[in-house]
Amino acid sequence: MHESSQFLQNEFHALNPEQLQAVHHKTGPALVLAGAGSGKTRVVASRIGALIADGVPPESIVGVTFTNKAAGEMKERVERFVGKNVLISTFHSLGALILRQTIDRLGYSRNFVIYDTEDTEKLLKALMKELFGGMAPFEVKEARAFITEAKNGLSRLADSDLDRLYTLYMERLKAFNALDFDDLLFLPVTLFASHPDILASFQAKWTHLLVDEYQDTNMAQYTLTRHLVEKSKNLFVVGDPDQSIYSWRGANIQNILNFERDYPGAAVFRLEQNYRSTETILSAANAVIQNNARRYEKNLWSTSIEGEKISIYGGASEGDEAQFVAKTVEHLHSNENIPLDEMVIFYRTNFQSRSFEDALIRKKIPYTIIGGLSFYQRKEIKDILSFLRLLEHPQDFISFLRVINTPKRGFGEQFLSKIIAIAKKSGRSVLELFTTCEEPPCHLSPKQKEGWLDFARIMKRLEEIKASQTLPELVRAAITETGYLSVIDADPETRQDRRENLSELIAKAAEWEEVHSQSSLAAFLEEITLATSTDYMDSSSSRLSLMTVHNGKGLEFQVVFLVGMEEDLFPHINSKDSEDKIEEERRLFYVGLTRAKRRLFISSVSYRHLWGGARHMRPSRFLFEIPFELRKRISHPPSLDGMH
DNA sequence: CGCGTCACTCATGAA
DNA sequence: GAGTGACGCG
């Protein structure tokens, strides 16, 4: 008997009969239809514990979650139950893990670099210029959207121009030894389909697969999963069709709805008891989601207290709305002792955060914005990381483009096309020309000549430091040895901020090296690129969180503010052309509502600054779907209730 | 030929 | 309010 078995006993004891059944499901496929707040994460963690207690080797279990944060928490939980380390990650990280061991079979090298959306768009833009000159038949963003759709949906492109671009794009990524986000799912599927021996080895290694948030899997994820469990059939998925909110990145709600058809003999468990929210909040959420036509019927219930009515606030402008929220937060914090990190502001689009920031700064309420432009997407961070990426991947042309003229070395478009041609002829990468040529291979102006020597010297120096020093030292060198500080100091407005961000980057590298015993630059870069926005939620300092409803998935708070509930914003204007999209917006609203444990404030305004001008706004149709008896109109924060 | 400025367009969600 | 392209200067 394990010494942790008492812990496990206690953990199981707290489960209700339905949860217990799911946890102790024997073998074969299983589907857990779990409503919001029904303890599904706990079921997955407990099941992993139960599998291990039953004698399944921990290294043959794989858990897939939607964010790295959820993965980390679940890992910790399992470790607490049974004292074993289990592989739990997101689909993208799992794809990277598979490819780091096998991608050479597809002609890439194992230390590939991962391109984010910005890198991808830069490459596509260059290729479109190459292919179509100034007359591309579509925009860069459109092209990227189509390519993403094709990869995630495992489908072909219909348009021949797009098809040419796609082919060239894949060729070029391979030449740069780079993968885009979608490749992390798409290439494992390709690999499994074409290399049965590799598939067989993973099937033998991973015999138990558990997937959380299954309603948001796309075709590539579905197929990857299917491949992995083909032999063992031990697939345990958990999800809620009512919370499917990612169709725009290829998620297919049919994956969960057709589970029983796709996996014959699947056991189905339903978790309908909600442990999170008050009766009022739950009834409102149930009533709202009833308006969706095609769904798996379910009814969440709880034994919780009735709770307060849902407060509806209507303001004149976004400034009003922000002030109302800030005042209410202040009141709840100081008069009702609700910690700031137990409250959240949810909005539909990232740009809405601005007015709230203003109001919170004025009231000196500490806050963090989750999502939007993340730390690692900032220009100065990406510039420095590009120097590092280039050390690891000399063929990475996109990173080369980023840093070759930073700071300005007099290298423009003409120079670049010349140097690319020379590199092509000599069969070397552009970077190699710099590091191996004694003399520049073409005519250069004095400034360019100096720049040439300077850049060559920088790369050699960084190379030495990489070989001899620690990771944080290397990051520091990429900032100081490259002349980057002069770039930053040129703008007194942003100087301070950017210097702080760069210090932060050095600190993150130091932190990373402490946690990971062997310091691999490639692994550090990978983790940074695959981080999810909620990964950066800091639980050590109590701050109010601001985020989009999409980012709120899987989280819960005592108090939720759902703001900007207006037609064309939520539901978003781009969703108006089809009933399916409106239903997805409604599910998103449902996700927002069900994050709240005790209190819910919903607000809308009549005028909002959008697209440069003031626009009249009408309250969202979703507001009227909340039963009248569950809501109350308020015009002031709770502290001022008695004044009118 | 490179670089800075200015007018102009455009605006969901994210690993 | 940010990113991009055209344009004219050095």
Side-chain angles (χ1 to χ4, degrees), chain A residues 64-71 89-96 114-122 125 129 134 139-141 144-145 148 151-152 179-186 213 216-218 220-221 244-251 346-355 370-374 376-377 379 405 407-418 443-448 451 490-491 526-535 547-553 564 568-576 581 584-585 587-589 591-592 608-613 615:
Chain A
V64 177
T65 55
F66 209 68
T67 68
N68 293 296
K69 186 168 187 267
S89 81
T90 62
F91 265 115
H92 285 88
S93 298
L94 190 69
I114 301 167
Y115 279 179
D116 68 12
T117 308
E118 190 194 0
D119 304 323
T120 300
E121 285 181 355
K122 281 199 160 134
K125 193 176 168 184
K129 204 163 177 193
E139 300 288 322
V140 173
K141 281 182 198 304
R144 196 187 62 77
T148 290
K151 285 188 184 177
N152 284 326
L179 308 191
D180 66 18
F181 280 136
D182 307 318
D183 286 336
L184 296 174
L185 309 172
F186 176 71
E213 308 282 9
D216 277 321
T217 50
N218 60 36
Q221 292 163 331
S244 168
I245 54 175
Y246 279 98
S247 74
W248 51 275
R249 66 182 214 207
F346 282 141
Y347 34 75
R348 178 63 181 81
T349 63
N350 280 306
F351 83 87
Q352 289 167 264
S353 66
R354 179 152 276 127
S355 54
I370 309 294
L373 188 67
S374 89
Y376 291 109
Q377 289 171 322
K379 185 177 185 309
N405 211 24
K408 298 268 178 283
R409 299 186 177 91
F411 295 146
E413 213 176 325
Q414 299 300 317
F415 165 80
L416 277 172
S417 37
K418 220 189 288 181
H443 177 72
L444 296 177
S445 72
K447 181 174 178 175
Q448 290 176 322
D491 187 349
E526 172 177 319
E527 186 173 300
I528 283 173
T529 317
L530 295 186
T532 46
S533 31
T534 41
D535 295 351
M547 66 182 88
T548 61
V549 191
H550 280 94
N551 269 324
K553 179 165 149 159
D568 293 354
L569 193 55
F570 201 166
H572 195 272
I573 189 160
N574 296 354
S575 306
K576 283 199 145 165
K581 288 187 189 167
E584 179 151 321
E585 295 285 300
R587 290 194 292 272
L588 186 60
F589 182 50
V591 168
R608 186 176 287 282
H609 290 280
L610 279 174
W611 302 290
R615 260 195 56 164

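Each chain gets a letter, A, B and so on, in the order its sequence line appears, and its residues count up from 1. Excluded from the calculations below are hydrogen atoms, water molecules and symmetry mates; all remaining heavy atoms, backbone and side chain alike, are included.
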Quick one: on DNA chain B, does A/His550 or A/Asn405 contact a more 5' nucleotide (nearest heavy atom)?
->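 Going by which nucleotide is closer to the 5' end, it is A/Asn405.
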Side-chain N or O of [X] versus OP1/OP2 of [N]: is the shortest distance under 4.0 Å?
{"X": "A/Gln414", "N": "B/dG2", "value": "no"}
{"X": "A/Asn551", "N": "B/dA14", "value": "yes"}
{"X": "A/Thr548", "N": "B/dA14", "value": "yes"}
{"X": "A/Asn152", "N": "B/dA15", "value": "no"}

Report the distance from atom [atom1] of [X] to atom [atom2] of [N], rounded to the nearest whole Å.
{"X": "A/Tyr246", "N": "B/dG13", "atom1": "OH", "atom2": "C1'", "result": "7 Å"}
{"X": "A/Tyr376", "N": "B/dA15", "atom1": "OH", "atom2": "P", "result": "14 Å"}
{"X": "A/Asp182", "N": "B/dA15", "atom1": "CG", "atom2": "P", "result": "13 Å"}
{"X": "A/Ile573", "N": "B/dA11", "atom1": "CD1", "atom2": "P", "result": "11 Å"}
{"X": "A/Tyr115", "N": "B/dA14", "atom1": "OH", "atom2": "P", "result": "24 Å"}
{"X": "A/Lys122", "N": "C/dT4", "atom1": "NZ", "atom2": "P", "result": "8 Å"}
{"X": "A/Lys553", "N": "B/dA14", "atom1": "NZ", "atom2": "C1'", "result": "12 Å"}
{"X": "A/Phe589", "N": "B/dG13", "atom1": "CZ", "atom2": "C1'", "result": "17 Å"}

When all nucleic acid strands are considered with a 4.0 Å heavy-atom cut-off, which category describes [X]: base, sugar-phosphate, or nothing?
{"X": "A/Arg615", "result": "nothing"}
{"X": "A/Thr117", "result": "base"}
{"X": "A/Phe415", "result": "sugar-phosphate"}
{"X": "A/Asn350", "result": "sugar-phosphate"}
{"X": "A/Asn68", "result": "nothing"}

Which one, B/dC3, B/dT12, C/dT4, comes nearest to the side chain of A/Lys125?
->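 Ranking B/dC3, B/dT12, C/dT4 by closest atom to the A/Lys125 side chain puts C/dT4 first.
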Could you check which of B/dG2, B/dT12, B/dA15 has an atom nearest any side-chain atom of A/Gln448?
-> B/dG2
A/Glu584, A/Lys581, A/Arg587 screened by side chain to side chain donor-acceptor pair (under 3.5 Å) with A/Ser247, the one that passes =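 Looking at A/Glu584, A/Lys581, A/Arg587, the match for A/Ser247 under the side chain to side chain donor-acceptor pair (under 3.5 Å) is A/Glu584.
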Verify the stacking flag for A/Trp248 against B/dG13: centroid separation must be under 5.5 angstrom and the ring planes must differ by under 30 degrees.
->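 The base of B/dG13 is stacked with A/Trp248 (centres under 5.5 Å, planes under 30°).
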State whether the number of non-hydrogen atoms from other residues, nucleotides or ligands found under 6.0 Å of A/Lys576 atom NZ is greater than 12.
-> yes
Taking atom CD of A/Glu139 as the centre, does the number of heavy atoms from other residues, nucleotides or ligands within less than 6.0 Å exceed 12?
->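 Counting other residues, nucleotides and ligands, CD of A/Glu139 stays at 12 neighbours or fewer.
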Is any N or O donor-acceptor pair between the side chain of A/Thr67 and the base of B/dA15 shorter than 3.5 Å?
->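 Donor-acceptor pair under 3.5 Å: no.
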Grab the two heavy atoms, one from A/Glu121 and one from A/Val140, that are nearest each other, plus how far apart they are.
-> O-CG1, 3.6 Å
Shortest non-hydrogen contact from A/Phe411 toward A/Asn405 | O-ND2, 2.9 Å
Could you verify whether a donor N or O on one side chain and an acceptor N or O on the other, from A/Thr529 and A/Asp116, lie under 3.5 Å apart?
-> no
